*Asks:* 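One structure is given below, represented as structure tokens, and several questions about it will come after.
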Amino acid sequence: MAENKKVELTVADRRSVMLRSTFLQGSWNYERMQNGGWCYAIIPAIKRLYTTKEEQAAALKRHLEFFNTQPYVASPVMGVTLALEEDRANGAPVEDQAIQGVKVGMMGPLAGVGDPVFWFTLRPILAALGASLAISGNIIGPILFFVLWNIFRMAFMWYTQEFGYKVGMEITKDLSGGLLGKVTKVASILGMFILGALVERWVSINFVLPVSVITNAEGSYIDWNALPAGAEGIHTAISQFAGGYFLEPTRVTTLQDNLNSLIPGFVPLLLTLLCMRLLKKNISPIVIILCLFLVGILGHVIGLL
């Protein structure tokens, strides 16, 4: 950092930059991707650091270069960039190429951390929590998801931007491994754990194909025709069922019953792994979804599903 600073970014300036960075993808484009949103976010800092229109225009122009990363992990990159711009405004020999080089050098590794942490770990956890409440009819479910998600998101963006701003160029030393590598590994493991839990909860396959049909002994099942009418009949049926009576004269065991008794959730897991494998081979998600529809319809027609 340069000594004898004449201009410094205030907390209000940095907070304004953080809030504006929420719209990082607001003008996403195929040529330079998030450059428009980045330039919009940094405007308050540029206005504070540079007084003339020419200097401000030149600063904004150098931040219209290519930039793209996971939106939330752009915050530490923004913090480092703010520190560099502050140094430059106070006379330090910071070139345009150095600023762009730091941005490009940080955005790739951080994107690899942001996706598993936010999209594959935090959001599924909070969504599952909110969905569990919503399924039971509790309106708190979606509200809780919205509130908690934005608390985590905004806290992360603010504190990592402040960390990047205070550390400045030193933050780039972590990009070769070390802490960043450990964070990526932990996030990936946690993401796989959450994926396994969500597969069992949300992926459902039911094989209705009968494997065996057993005729129950006389008197071991509920004789629905012999039950009294009204509430007394309902009470009798419940009492008999609680006492171990079967519901029907025959007991059908399906393929799904056997699978559930051996390895519950095994087939949904195989289907999920197959879809992931196809995605890895660059098969379009739309094609996979259509194939699943066709398999489901065909399986129902032939009596398998």
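Just so you know, these numbers come straight off a predicted model, no measurement behind them.
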*Asks:* Report the relative orientation of the aromatic rings in F118 and Y72; use parallel for angles under 30°, tilted for 30 to 60°, perpendicular for over 60°.
*Replies:* perpendicular
*Asks:* So do the side chains of Y50 and V7 get within less than 4.5 Å of each other, counting heavy atoms only?
*Replies:*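 Heavy-atom side-chain distance check fails, nothing below 4.5 Å.
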*Asks:* Checking T10 against D13: is there a side-chain donor and acceptor pair closer than 3.5 Å?
*Replies:*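 The criterion, which ignores hydrogens and geometry beyond distance, is satisfied for T10 and D13.
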*Asks:* Listed by chain and number, what are the side chain to side chain donor-acceptor pair (under 3.5 Å) partners of N206, not counting sequence neighbours?
*Replies:* none
*Asks:* Would you check if the side chain of R88 reaches a backbone N or O of V94 as a donor-acceptor pair within less than 3.5 Å?
*Replies:*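 At least one qualifying donor-acceptor pair exists.
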*Asks:* Distance check, rounded to the nearest 0.5 Å: I139 atom CD1 versus L144 atom CG?
*Replies:*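 Answer for the CD1-CG pair, I139 versus L144, is 12.5 Å.
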*Asks:* Members other than I238 in its cluster, when Ile, Leu, Val, Met, Phe, Trp, Tyr link by side-chain heavy atoms under 4.5 Å?
*Replies:* I234
*Asks:* Which pair of heavy atoms, one from G37 and one from S27, lies closest together, and at what distance?
*Replies:*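 Scanning both residues completely, I find the closest heavy atoms to be N-OG, 3.4 Å.
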*Asks:* Who else is in the cluster with L290 when I, L, V, M, F, W and Y are joined by side-chain contacts under 4.5 Å?
*Replies:*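 Hydrophobic cluster check, L290: joined to I286.
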*Asks:* Go through the structure and list residues passing side chain to side chain donor-acceptor pair (under 3.5 Å) with W28, not counting sequence neighbours.
*Replies:*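 Side chain to side chain donor-acceptor pair (under 3.5 Å) list for W28, sorted by chain: empty.
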*Asks:* Salt bridge (charged side-chain N to carboxylate O under 4.0 Å, His left out) with R62: which residues, sequence neighbours excluded?
*Replies:*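 Checked R62 against salt bridge (charged side-chain N to carboxylate O under 4.0 Å, His left out); matches are E85, D96.
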*Asks:* Say you draw a straight line from CG of N29 to CD of Q34; how long is it, rounded to the nearest 0.5 Å?
*Replies:* 10.0 Å
*Asks:* The criterion is ring-ring contact (aromatic ring centres under 6.0 Å, His included); which residues satisfy it with F293, sequence neighbours excluded?
*Replies:*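 Residues passing ring-ring contact (aromatic ring centres under 6.0 Å, His included) with F293: none at all.
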*Asks:* Taking the side chain from E86 and the backbone from L9, do they hold a donor-acceptor pair closer than 3.5 Å?
*Replies:* yes
*Asks:* Side chains of F67 and Q100, heavy atoms from C-beta outward: is any pair under 4.5 Å?
*Replies:* no
